[in-house]
Amino acid sequence: MELEALRSIYEGDLCFRELSPVSFQYRIGENGDPKAFLIEVSWPETYPQTAPVISMDAFFNNTISSTVKQSILDKLMVEVEANLGTAMTYTLFEYAKDNKESFMENQRVNTVTSASNSIATGTPDVPASKKKDKKEQLSKTQKRKLADKTDHKGELPRGWNWVDVIKHVSILKLSLFNTEKICKK
């Protein structure tokens, strides 16, 4: 029954993910939030009489220090002990959402600066303004696509089909020549 309840409660919630009928993940925090983390809850066969297995080993949590992870798991286990014998997965996810800030208060946030500030490019003695800019090299496919482009009116540039024009003129001459032969007879 708890499985059906979780599916209906979290239907359409992008933070919730059912890994299997007995294993679930929930992302606490928004995408891009440096203090967001992922909780995985798995039910053993004797759940809810025994505690669920709670894990924070997901790759998503790699930036979180192990002490912060352990602190979160310890606080969640206190909540598990209080709810032992009842369906508690929803309660655990909501508890984590409500206490996200206190869970992550000791987590340092690493901000990434732009590549030009953190990584030196080129030789340190030469200023960037003196470097020569390389001309963009186009592949054959790119050149073909460039040649097939139309102007602002949606028309191909003048002379794009000159071979077709010459074929058309030669066909007209041939048909005129044949028409003159027929008329003379």
Side-chain angles (χ1 to χ4, degrees), residues 1-122 124 128 133-134 136-142 144-146 148-150 154:
M1 289 177 61
E2 184 178 5
L3 176 61
E4 292 175 17
L6 287 173
R7 286 177 178 164
S8 65
I9 291 169
Y10 292 117
E11 183 179 353
D13 188 348
L14 298 177
C15 295
F16 178 77
R17 185 169 167 209
E18 181 180 338
L19 303 175
S20 74
V22 295
S23 184
F24 312 93
Q25 284 183 342
Y26 198 85
R27 183 184 71 234
I28 310 298
E30 298 298 318
N31 266 343
D33 181 359
K35 291 194 173 190
F37 58 94
L38 192 76
I39 297 173
E40 186 173 324
V41 175
S42 300
W43 299 338
E45 284 187 33
T46 55
Y47 173 83
Q49 280 64 38
T50 58
V53 177
I54 303 172
S55 171
M56 290 189 67
D57 294 334
F59 182 76
F60 187 86
N61 296 329
N62 278 353
T63 58
I64 301 172
S65 71
S66 58
T67 55
V68 172
K69 284 182 194 178
Q70 190 58 50
S71 171
I72 293 171
L73 290 173
D74 291 342
K75 291 174 183 174
L76 287 172
M77 287 310 293
V78 169
E79 193 68 19
V80 166
E81 293 299 322
N83 290 297
L84 205 56
T86 63
M88 67 182 88
T89 305
Y90 173 78
T91 307
L92 292 174
F93 291 154
E94 293 302 309
Y95 176 75
K97 285 187 344 186
D98 293 341
N99 295 292
K100 174 186 168 247
E101 292 303 319
S102 66
F103 285 177
M104 297 299 282
E105 66 188 356
N106 295 326
Q107 175 64 28
R108 290 183 45 212
V109 178
N110 295 331
T111 56
V112 178
T113 58
S114 67
S116 62
N117 291 340
S118 60
I119 301 172
T121 56
D133 292 331
K134 286 189 175 182
E136 184 179 341
Q137 297 292 322
L138 300 176
S139 67
K140 287 182 182 181
T141 306
Q142 290 171 324
R144 266 189 233 115
K145 285 182 180 178
L146 190 61
D148 290 341
K149 286 188 177 180
T150 59

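- At least one side-chain heavy atom of Glu81 sits less than 4.5 Å from a side-chain heavy atom of Leu84.
- Side-chain contact between Val80 and Met77 is present, with heavy atoms from C-beta onward closer than 4.5 Å.
- Scanning both residues, Gly29 and Asp33, for their nearest heavy atoms gives CA-OD2, 4.1 Å.
- Contact check for Tyr47 versus Thr89: side-chain heavy atoms found under the 4.5 Å cut-off.
- What you find for Trp43 and Leu6 is that their closest heavy atoms are CZ2-CD1, 3.8 Å.
- For residues 39-66, no residue pair satisfies the salt bridge (charged side-chain N to carboxylate O under 4.0 Å, His left out) rule, not counting sequence neighbours.
- Sorted by first then second residue, the salt bridge (charged side-chain N to carboxylate O under 4.0 Å, His left out) pairs that include residues 8-18, not counting sequence neighbours, are Arg7-Glu18.
- A distance of 11.5 Å separates CD1 of Ile9 from CD of Glu4, quoted to the nearest 0.5 Å.
- Across every non-hydrogen atom of Pro52 and Pro44, the tightest pair is CA-CD, 3.8 Å.
- Although no hydrogens or angles enter the test, the distance criterion places a donor-acceptor pair under 3.5 Å between the side chain of Ser20 and the main chain of Ser23.
- Nearest approach of Lys75 to Tyr95, heavy atoms of both residues: O-CE2, 3.9 Å.
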Any chance you could lay out the side-chain contact (heavy atoms from CB on, under 4.5 Å) test for Phe37 and Lys69, step after step, and finish with the verdict?
-> CA-CA 9 Å; Phe37 58 94; Lys69 284 182 194 178; over 6 Å; no
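- Taken from CD1 in Ile72 to CD1 in Ile64, the straight-line distance is 5.5 Å, to the nearest 0.5 Å.
- Between Phe93 and Phe24, the ring center distance fails the sub-6.0 Å criterion.
- Of the candidates Val68, Leu76, Leu73, Met56 forms a side chain to side chain contact (heavy atoms under 4.5 Å, CB included) with just one, namely Leu73.
- By the 4.5 Å heavy-atom criterion applied to side chains, Met88 and Val41 are not counted as neighbours.
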Step-by-step side-chain contact (heavy atoms from CB on, under 4.5 Å) determination, Glu79 to Ile54 | CA-CA 12 Å; Glu79 193 68 19; Ile54 303 172; over 6 Å; no
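- In this structure, the separation between CE on Met104 and OG on Ser71 is 10.0 Å, given to the nearest 0.5 Å.
- Here Cys15 contributes atom SG and Leu38 contributes atom CG; the two are 9.5 Å apart, rounded to the nearest 0.5 Å.
- Atom CG of Asn61 is separated from atom CD1 of Ile28 by 10.0 Å, given to the nearest 0.5 angstrom.
- In terms of heavy atoms, Ala36 sits closest to Glu30 at CB-O, 3.8 Å.
- With a 4.5 Å cut-off on side-chain heavy atoms, Phe60 and Gln25 do not count as touching.
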